[in-house]
Amino acid sequence: MIKAVVFDMFETLVTLFTGRTYFSEDIAKDVGLADIESFRKEWHLIEHDRSTGKYTIEEGLSLVFKKIGIYSDEKVRTIVNNRLTALKDTFDDIPEESIQLLKALKDCGIKTGLITNTFSDERDLIKSSALFPYFDVALISYEQGICKPAPEMYQRMIERLGVKPEECLYVGDGGSRELYGARDAGMKAVQCTWFADRAYEPHIPCSPLDEFEHVAHQMDVLDFLK
């Protein structure tokens with residue numbers, strides 16, 4: 001019997017592909033950088049450190065801009081502000097179905113958890129969002145110092161929810177190998193696909209994974225409680 005449902009955040013409860021999107025090519029354009037790949041390479045090299053609290057978004061941008069020789073305080077401020085604008089679009093456009101699902105789970109007496117890999121600015125928007133009060137336990141990589149799919153992230157969730165692994169359902173789009181991590185931890189893992197058609201190259205969070213059951217609509221998650 002499922003006693004808890006644990007969610008991913010991005011491309012699961014909300015999507016970055018709404019309103020004003022802001023990805024690597026947008027950053028490169030805003031700082032006048034023709035060689036997008038040079039930025040992407042260095043930016044991805046410090047992704048883990050940005051996700052585990054070693055660098056704030058400002059510190060990460062400063063480090064990369066200095067490494068590729070384009071640093072200025074103004075450029076860092078510009079990108080930070082533009083990212084914030086795009087993230088606000090994401091959290092201003094939370095699908096009603098996400099809220100309805102979380103409410104329905106509460107009404108059923110099901111505990112809810114969040115496991116998400118995020119940077120400092122994303123952490124701030126998540127914690128101030130309308131979604132956050134619905135979580136019994138929220139494990140944010142920037143605060144936890146570890147990222148999915150580290151086994152310890154799932155173990156912490158299981159312990160803090162006070163349930164057995166097999167009593168947990170994990171719902172996510174599949175990025176960061178999160179579904180494999182959840183399955184290895186003993187949870188039942190399903191891949192949500194309701195935002196999949198919004199993604200575009202090279203920003204495809206995760207392709208369909210045939211190893212896992214798929215969920216096409218938020219409220220269909222309730223079917224897995226039976």
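Being a predicted model, the structure only gives us computed values, none of them experimental.
In this structure, the separation between CG on Leu125 and CE on Met9 is 10.0 Å, given to the nearest 0.5 Å. Expressed to the nearest 0.5 Å, how far CD of Glu213 lies from CG of Leu179 amounts to 11.5 Å. Here Thr85 contributes atom OG1 and Leu87 contributes atom CG; the two are 9.0 Å apart, rounded to the nearest 0.5 Å. To the nearest 0.5 angstrom, Arg50 atom CZ is 10.0 Å from Leu63 atom CG. The line from CD1 of Ile79 to CG of Leu84 is 12.5 Å long, rounded to the nearest 0.5 Å. Remark: Lys226 NZ to Ile2 CD1 distance equals 13.5 Å, nearest 0.5 Å.
In terms of modelled atom types and a separation under 3.5 Å, the side chain of Glu166 and the main chain of Lys188 share no donor-acceptor contact. Between the side chain of Thr18 and the main chain of Thr15, no donor-acceptor pair closer than 3.5 Å is present. Put simply, the side chain of Thr52 never gets that close to the backbone of Ile146: no donor and acceptor are under 3.5 Å apart. A donor-acceptor contact shorter than 3.5 Å is absent between the side chain of Thr193 and the backbone of Ala196. Side chain of Asp49 to main chain of Lys54: no donor-acceptor pair is present (N/O by atom type, distance under 3.5 Å, no hydrogens or angles). Checked by atom type and distance alone, the side chain of Ser51 never pairs as donor or acceptor with a backbone atom of Ser141 at under 3.5 Å. Proximity of a side-chain donor or acceptor of Thr78 to a complementary backbone N or O of Glu74 within less than 3.5 Å is detected. A side-chain donor-acceptor contact under 3.5 Å links Ser128 to the backbone of Asp124. Between the side chain of His214 and the backbone N or O of Leu209 there is at least one donor-acceptor pair closer than 3.5 Å. Here the side chain of Glu178 pairs a donor or acceptor atom with the backbone of Asp173 at under 3.5 angstrom.
Proximity of Leu16 to Thr21: side-chain heavy atoms (C-beta onward) are nowhere separated by under 4.5 Å. Side-chain contact between Met1 and Leu225 is absent, with no heavy atoms from C-beta onward closer than 4.5 Å. For the pair Met187/Leu169, no side-chain contact is recorded, criterion being any heavy-atom separation below 4.5 Å from C-beta on. Using a 4.5 Å heavy-atom threshold, the side chains of Pro95 and Gln218 count as touching. Using a 4.5 Å heavy-atom cutoff, the side chains of Val6 and Leu161 are in contact.
Follow the hydrophobic side-chain contacts under 4.5 Å out from Ile27 and you reach Tyr55 in the same cluster. Cluster annotation: Ile158 is not connected to Leu114 through the hydrophobic network of ILVMFWY side chains, with a link wherever side-chain heavy atoms come within less than 4.5 Å. Hydrophobic clustering of Ile, Leu, Val, Met, Phe, Trp and Tyr side chains at less than 4.5 Å, counting indirect connections, keeps Val163 apart from Val5. Hydrophobic cluster membership differs between Phe23 and Ile204, with clusters built from Ile, Leu, Val, Met, Phe, Trp and Tyr side chains linked at under 4.5 angstrom. Leu222 and Tyr134 fall within the same hydrophobic cluster, where Ile, Leu, Val, Met, Phe, Trp and Tyr residues are linked whenever their side-chain heavy atoms come under 4.5 Å apart, directly or through other members.
We find that Glu143 and Lys127 are joined by a salt bridge, their nearest charged nitrogen and carboxylate oxygen being less than 4.0 Å apart. Ion pair Asp89/Arg20 flagged as a salt bridge, since at least one NZ, NE, NH1 or NH2 atom sits closer than 4.0 Å to an Asp/Glu carboxylate oxygen. With salt bridges taken as basic N to acidic carboxylate O contacts below 4.0 Å, one links Glu25 and Arg40. Using a cutoff of 4.0 Å between basic side-chain nitrogens and carboxylate oxygens, Glu58 and Arg77 are not scored as salt-bridged. Of the charged side-chain nitrogens involved, none lies within less than 4.0 Å of a carboxylate oxygen, so that Asp26 and Arg83 do not count as a salt-bridged pair. Arg156 and Glu152 are joined by a salt bridge, as a carboxylate oxygen and a charged side-chain nitrogen come within less than 4.0 angstrom of each other.
Between His203 and Ser24, the shortest heavy-atom contact is CE1-N, 4.3 Å. Looking at every heavy atom in both residues, Ser98 comes nearest to Thr12 through OG-O, 4.3 Å. Across every non-hydrogen atom of Trp194 and Ala216, the tightest pair is CB-O, 3.2 Å. The nearest pair of heavy atoms linking Asp136 to Ile110 is OD2-O, 4.5 Å. In terms of heavy atoms, Gly181 sits closest to Pro149 at CA-CB, 4.1 Å. Smallest separation of non-hydrogen atoms from Ser129 and Pro133: O-CD, 3.5 Å.
Remark: Arg183 fails to qualify as a cation-pi partner of Tyr180 under the 6.0 Å distance and 45° angle criteria applied to the six-membered ring.
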**Asked** Under the side chain to side chain contact (heavy atoms under 4.5 Å, CB included) criterion, do Leu131 and Leu102 qualify, and how do the steps go?
**Response** CA-CA 8 Å; Leu131 294 168; Leu102 291 169; 3.6 Å; yes

**Request:** Dump the intermediate steps for salt bridge (charged side-chain N to carboxylate O under 4.0 Å, His left out) on Lys148 and Asp8, then the final yes or no.
**Result:** CA-CA 10 Å; Lys148 296 180 289 187; Asp8 171 43; 2.9 Å; yes

**Request:** Take Leu45 and Glu47 through the side chain to side chain contact (heavy atoms under 4.5 Å, CB included) test and state the conclusion after the steps.
**Result:** CA-CA 6 Å; Leu45 280 175; Glu47 181 171 356; over 6 Å; no

**Request:** Begin from the C-alpha positions of Leu61 and Val80 and carry the test side chain to side chain contact (heavy atoms under 4.5 Å, CB included) through to its verdict.
**Result:** CA-CA 8 Å; Leu61 285 165; Val80 167; 3.8 Å; yes

**side chain to side chain donor-acceptor pair (under 3.5 Å) between Tyr154 and Asp184, worked out** = CA-CA 9 Å; Tyr154 302 93; Asp184 290 347; over 6 Å; no

**Request:** May I have the step-by-step check of side chain to side chain contact (heavy atoms under 4.5 Å, CB included) for Asp30 and Asn82, ending in yes or no?
**Result:** CA-CA 9 Å; Asp30 287 344; Asn82 289 349; 2.9 Å; yes

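The 12-atom threshold is not exceeded at NZ of Lys88, counting heavy atoms of other residues, nucleotides or ligands nearer than 6.0 Å. Under a cut-off of 6.0 angstrom, the local environment of NZ in Lys3 is sparse, with at most 12 non-hydrogen atoms contributed by other residues, nucleotides or ligands. The local environment of NE2 in His217 is sparse, with at most 12 non-hydrogen atoms from other residues, nucleotides or ligands closer than 6.0 Å.
Between Trp43 and Phe119, the ring planes lie perpendicular to each other; the angle is over 60°, past the 30° to 60° tilted range.
Between Tyr142 and Glu122, the side chains place no donor N or O within less than 3.5 Å of an acceptor N or O (distance only, hydrogens not considered). Looking only at atom types and distance, the side chain of Tyr71 has a donor-acceptor partner in the side chain of Asp73 under 3.5 Å away.
For Phe7 and Tyr170, the gap between ring centers reaches or exceeds 6.0 Å. Ring centroid separation for the pair Phe10 and Phe195 does not come in under the 6.0 Å cut-off.
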